[in-house]
Structures are given as structure tokens and as C-alpha cells.
Amino acid sequence: MTIALYDTRTRRKRDFEPANPKEVTMYLCGPTVYSYAHIGNFRPAVVFDLLFRVLHQQYGSEHVVYARNITDVDDKINAAAAEQNVDISVITDKFTKIYREDSSALGILPPSLEPTATGHIEQMIALISRLLATGHAYQAEGHVLFSVNSFDGYGKLSGRDLKDMLAGARVEIASYKQDPADFVLWKPSGANEPSWDSPFGPGRPGWHTECSAMIEHNLGTTIDIHAGGQDLIFPHHENEIAQSMCAHDNVPLARFWMHNGFLDLGSEKMSKSLGNVKLVHDLLKQWPGEVLRFALLSAHYRSPLEWTAELLQRTQTVLNRYYGTLRRLADVAADEQTAPSGLIAALHDDLNTPQAMAKLSTLFKQANQATELADKQRLKGQILASGQLLGLLAHDPESWFKQDGSADTLSAREIDELVAARLSARKNKDWVEADRLRQQLNELKIIVEDGPDGSIWRRG
RNA sequence: GGCCCUGUGGCGGAGUGGUGACGCUGGGGAUUGCAAAUCCUCCUACCCCGGUUCGAUUCCGGGCGGGGCCUCCA
């Protein structure tokens, strides 16, 4: 089944064919680790994790190389380190660890490679030297700058014209630039800022240079897919292209450019109960990571998505329904199955997650309708395979409903006892006592469901 | 000022040149001691104005509205 992906450069959906099916290469601009990441930072991480999973399925996991970098040299990191009077590594180590924990909670697989900027200074210096030697870069006042006029293709990815951009320039132009659009490859470090020796003097790399050097070193000169948020199209990716192509005899940097749309995090649209909580670190105190992941995938990745408490609540409702089905099918042995072809086709169509979710929903409806064991076994197998592809439904259904978020509630054992007491009251047709016990549990946000084989409960 | 994206039912959100995805909410029914869960069922759309067409929500043009980018923000 062919995979079609929307390519920003050509502004079209195109059939995806890797240059080498034995080694599909993908790069995502990862986080700058200076603070807690907010949910918007994770949209690309989740979306392209899904693409990673889809590519795994299509080409085999051993044939997909996915690099997501860690930017650990940056002004904001320096500022945080200075403020706390610590070495930048204290900041970057801490937030790299937290980023990985948040990622794991969101069901994001570890990428094949996680290169760091500080681990590639040597490669950056080599890249800059090559650009200087070929006349694509120049030195001025301790800086090394890339000369955009030396590259014909500048602006092609973003569809911009250099002349047009000047009109809207809103930042003061540094005096050392030959052209206002020239960008920094290397800059001098201030006192107490991290600094590396180089042929162009001590200093640190510019942001764009990091990604070009890490891609070149880890994945090669031309990769299959380069991904990131829409805001990176210009200037970041435009600059990466300029640097890499000029350093590589005009060989393209990436065959497909993919960009996710933004979350609408407008605080005025947030309800009171959600407040202004946007950090994943905080959201995870209130919602299972899987709810966040499901919500992020509920809209197509290129569309904007309004991030609200209502969205999360609705998502929780749906997941509860799904886990309820799986809970009822707990004793059914799932068949070896793959995800249904319609669901795979939806994902292969430029990651059409809403359509894939619709197929998943149909699967659950069928599973709820099924009366024959063979149907249940087949559907459960398809559901679990779909869940694995989407990075969802990985929890044990029983614990999904019974894990308690807050401390001031009953233990599972205490609840079991109350439910058992209610069951015996029901056997004696003592409806008053049974209803009293159910009411008591309801007040503690425990919902009891009576079935033919007794009662089950869940936290609501 | 330039460039890009976008406007679907009470809400979220796909898709299509002609039989109104999917989910949430709401109404009715089955089931239940009553509920819950589940199933069945019903209601509510395609921003406005032109054009193309036998036929447009879908294509084209214009208008109005929303969002994003324009030097280091996913």
C-alpha cells in the first residue's frame, strides 16, 4: 500500500518512495531543553512518532532511522543557567530527562537517534569552514555569517522572495551583515557563556547550523523526510537548506518536508477548570498521557487544533468507552491480526488520523455488537493491532479504570468490600440498602455497573 | 505591506461533482429491581455572492470572517 505525504516544498501530496527502502531516514527538529515543554511542543513529537510507527510497519523497524535532536546550546539555556548560577549542563540534563519522561507518558517511542548539539560542535565547525572556503559565508566582527545571495534557491521552501521580506522586517538589522537576510553560523560568546575554540575564534554555533551538521553526520547528505512545526519553515528550514545544499554541491537536503499545524492555546478560550495549564508536566497530573495523545491526534496534523478542557474531557469519555469494551473482552483471547486495511489506508493518506479514528470507532462498535466468540477474538485482535499502530490502548483495562488520581479516596480493596456488600443486598432484593451503598460509592466518584455475572466498578 | 493556511450540523472533526464519515451532546426505544454500561433509533451542516456544470458543500473568481509566518517560537 502506497504512502502519500504532503510535501511543503512542492505544496502537494505526493507518493512517498524512500531513496533506499532498506534505510528510510527521517529527522525532526527536537526540543530546546531549557524549561518544561508545553503541549504544543509535543504535537510534532506525537505526529511524527505516528509516522515513525507507520514507516516501521511498512518498511520494517530495522530499516527506519529516525533522528530527533536535542538542542542544548541556546540563548535561553544560557539565560536559565545564569539565573540559577549553574553550568548549562545542569539545566540541559534536567530538562532532557523531563522531556523523555513526558514523551514516554505520551506514548512516544524513543527515536533511533537523539543527537545533541554539543556533541556535534566539531561537525558544525567543519561545515562552516566548508561554507567559508566556497564563498557562501563570510566573517565579520567575530561572527561568521551565511550569505543568502550566494544561494539561488533561497526562499523556495517557504515561497518567499528576499525583496518582499525586507518590507516586513521588524528586527533591527545588525551592522555586520552584508545583507539583512544573512544569518549567523557562528557567534562570539559573552562572559560566562559556553564557548568553543574554532578557526574563526572562540564562540558558539548558530541555531540553524546545528541541524544541518547533525543531519549530515547521522543521516547523510539527503534524507527522505525532514519534519518540524510550521513555524520552522522560515527561517529555520530555509536556512538549513541553504547551508546544507551549499556545502554539498547543491544536493537536496530532504526529499519530503513535513510541517505540523499549531495548537490553539489561546488562554481566553481555556475553561476555568483547565486554567492555563499547558505544560505536559502539569497536564499529566490531571489526565492520563494517553488522553493527551489521543486528543493531539484527533485533528489532522496540518490543521490547527483548539486545545481546551472540553477536548480532553471528551477524549477521556471516548477512551473510557474503548477500555470498557476491552474490559468486557478481558477473557477473550485475541487473534493474531493486523489493523484493518481501511485504518492503515487512512494513515497512509498523509496521516489522516481523524479517518483512522473513525475506523477504530467502528471496530469498537462491532466488538460491542459481537455475540460469537470467533468475532470477538478477531475484533479484539484488530483493535489491539490498531492500538499498537496508533500508540494507544496499551494499558491494562482493569487498571485504567481503577487507578486513583487523588489520595483522599477509597482503596480498591475497600471499594471491593462495599460492592460485595451491595451485591448480597441485591441478592436479598434489599433494594433500599443496595441503592444506599451505590449512592455512597457514587459520592466518592465510583461508578458501579451491574452485569449478569456480578458487578464491576470504575473511578469516574 | 508580502507569503501561506482556513471557514462543515449544538460542539469537535473527516470527506466527496450526484445515496448527509466518525465522535461528543440532546430526544425516543430495548435492556435493567432502579441505574450504569451496551445496542437500536431520531434531530441538527457544508460563510456570502457570482461563474462552470444536467447537477457544487466539493471546481473557478470575488467578498467577508478566522489562524499562522516574515531572522533563532513546535
Side-chain angles (χ1 to χ4, degrees), chain A residues 8 11 28-32 37-48 71 74-76 148 155 158-174 177 180-184 187 206-211 227-236 238-239 259-266 295 298-300 302-306 308 310-311 313-318 320-321 324-325 327-328 342 346 349 352-362 364-365 367-369 371 426 429-432 434-435 438-439 442 447-452 455-458 460:
Chain A
T8 304
R11 300 188 196 287
L28 172 67
C29 292
T32 302
H38 63 75
I39 187 68
N41 293 313
F42 277 96
R43 192 177 193 189
V46 166
V47 162
F48 296 110
T71 295
D74 182 85
D75 287 347
K76 286 190 291 269
V148 294
S158 54
R160 284 162 202 274
D161 187 278
L162 273 176
K163 291 190 292 294
D164 295 338
M165 286 189 284
L166 294 180
R170 42 174 201 193
V171 171
E172 209 175 314
I173 292 149
K177 289 189 179 181
D182 290 349
F183 57 90
V184 171
K187 58 182 164 186
W207 176 43
H208 313 298
T209 316
E210 301 172 11
C211 288
Q230 268 171 3
D231 59 323
L232 297 183
I233 296 171
F234 188 89
H236 184 52
E238 201 71 76
N239 291 356
H259 295 96
N260 63 277
F262 268 39
L263 251 39
D264 186 351
L265 295 168
S298 66
H300 184 82
R302 282 187 283 114
S303 300
L305 173 64
E306 209 175 286
T308 61
E310 201 212 330
L311 168 67
Q313 189 53 60
R314 198 190 324 127
T315 304
Q316 174 89 60
T317 301
V318 173
N320 283 349
R321 188 162 86 85
T325 300
R327 189 188 205 183
R328 285 190 294 278
D349 182 16
N352 191 336
T353 50
Q355 200 149 74
M357 296 299 201
K359 302 290 181 194
L360 185 66
S361 172
T362 303
F364 276 99
K365 172 155 282 183
N368 287 333
Q369 290 167 328
T371 51
R426 289 185 69 228
K429 298 203 190 295
D430 184 353
W431 308 127
V432 175
D435 289 350
R438 184 168 62 195
Q439 182 58 31
N442 285 166
I447 296 157
V448 188
E449 296 174 17
D450 299 332
S455 301
I456 56 171
W457 60 269
R458 61 189 165 92

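Letters A, B, ... are given to chains in the order of the sequence lines, protein chains preceding strands, and every chain is numbered from 1. Since the structure is predicted, the reported quantities are computational estimates derived from the model, not experimental observations.
- Note on A:Val448: a base of the nucleic acid sits closer than 4.0 angstrom, heavy atoms only.
- Applying the 4.0 Å criterion to OP1 and OP2 of B:C73, one finds that A:Lys76 has a side-chain N or O inside that range.
- Under the 3.5 Å distance criterion, the side-chain polar atoms of A:Asp450 are left unmatched by any main-chain donor or acceptor of A:Ser455.
- A:Arg321 has a side-chain polar atom (N or O) that falls below the 4.0 Å cut-off from OP1 or OP2 of B:C24.
- In this model, a side-chain donor or acceptor of A:Arg438 finds a partner on the base of B:A35 within 3.5 Å.
- Separating the P atom of B:G15 from that of B:C59 is a span of 12 Å, rounded to the nearest Å.
- For A:Gln369 and B:C40, the shortest distance from a side-chain N or O to OP1 or OP2 is below 4.0 Å.
- Among the heavy atoms of the strands lying under 4.0 Å from A:Asn368 are primed sugar atoms or P, OP1, OP2 only; no base atom is included.
- The side-chain ring of A:Phe262 is not stacked on the base of B:G68, judged by centre separation under 5.5 angstrom and plane angle under 30 degrees.
- Note on A:Gly159: only backbone sugar-phosphate atoms sit closer than 4.0 angstrom, heavy atoms only; bases stay farther off.
- At the heavy-atom level, A:Leu305 lies under 4.0 Å from the strands shown only through sugar-phosphate atoms.
- One finds a side-chain N or O of A:Asn352 lying less than 4.0 angstrom from the OP1 or OP2 phosphate oxygen of B:G15.
- Using P as the reference atom, B:A21 and B:C43 are 12 Å apart when rounded to the nearest Å.
- Counting non-hydrogen atoms under 4.0 angstrom, A:Lys187 reaches a base of the nucleic acid.
- The shortest distance between the side-chain N/O atoms of A:Lys365 and the OP1/OP2 oxygens of B:G23 is below 4.0 Å.
- Residue order along RNA chain B, read from the 5' end via each residue's closest nucleotide, puts A:Met357 first among A:Trp431 and A:Met357.
- Within 4.0 Å of A:Thr315, counting heavy atoms only, lies no atom of the nucleic acid at all.
- Under 3.5 Å, the side chain of A:Asp450 and the base of B:C34 form at least one donor-acceptor pair of N or O atoms.
- Here A:Arg314 does not reach the OP1 or OP2 of B:G10: none of its side-chain N or O atoms lies under 4.0 Å away.
- Side-chain to base pairing of A:Arg160 with B:C4: no donor and acceptor N or O lie closer than 3.5 Å to each other.
- Between A:Phe183 and A:His208, the angle of the ring planes goes over 60°, which puts this pair in the perpendicular group of the 30/60° scheme.
- In terms of polar N and O atoms assigned as donor or acceptor, the side chain of A:Arg426 comes within less than 3.5 Å of the base of B:G33 in a complementary pairing.
- Residues A:Gln439 and A:Asp435 have side chains that never bring a donor and an acceptor to within less than 3.5 angstrom of each other.
- Both cation-pi conditions hold for A:Arg160 and A:Phe234: the charged atom is under 6.0 angstrom from the six-membered ring centre and inside a 45 degree cone around its axis.
- At a cut-off of 3.5 angstrom, the base of B:G33 holds at least one donor-acceptor pair with the side chain of A:Asp435.
- No engagement by A:His208 is indicated, since no non-hydrogen atom pair under 4.0 Å with the nucleic acid exists.
- Closest-nucleotide positions on RNA chain B for A:Ser298 and A:Gly40 were compared, and the one nearer the 5' end corresponds to A:Ser298.
- Across all strands, A:Arg458 comes closer than 4.0 Å only to sugar-phosphate atoms, never to a base (heavy-atom distances).
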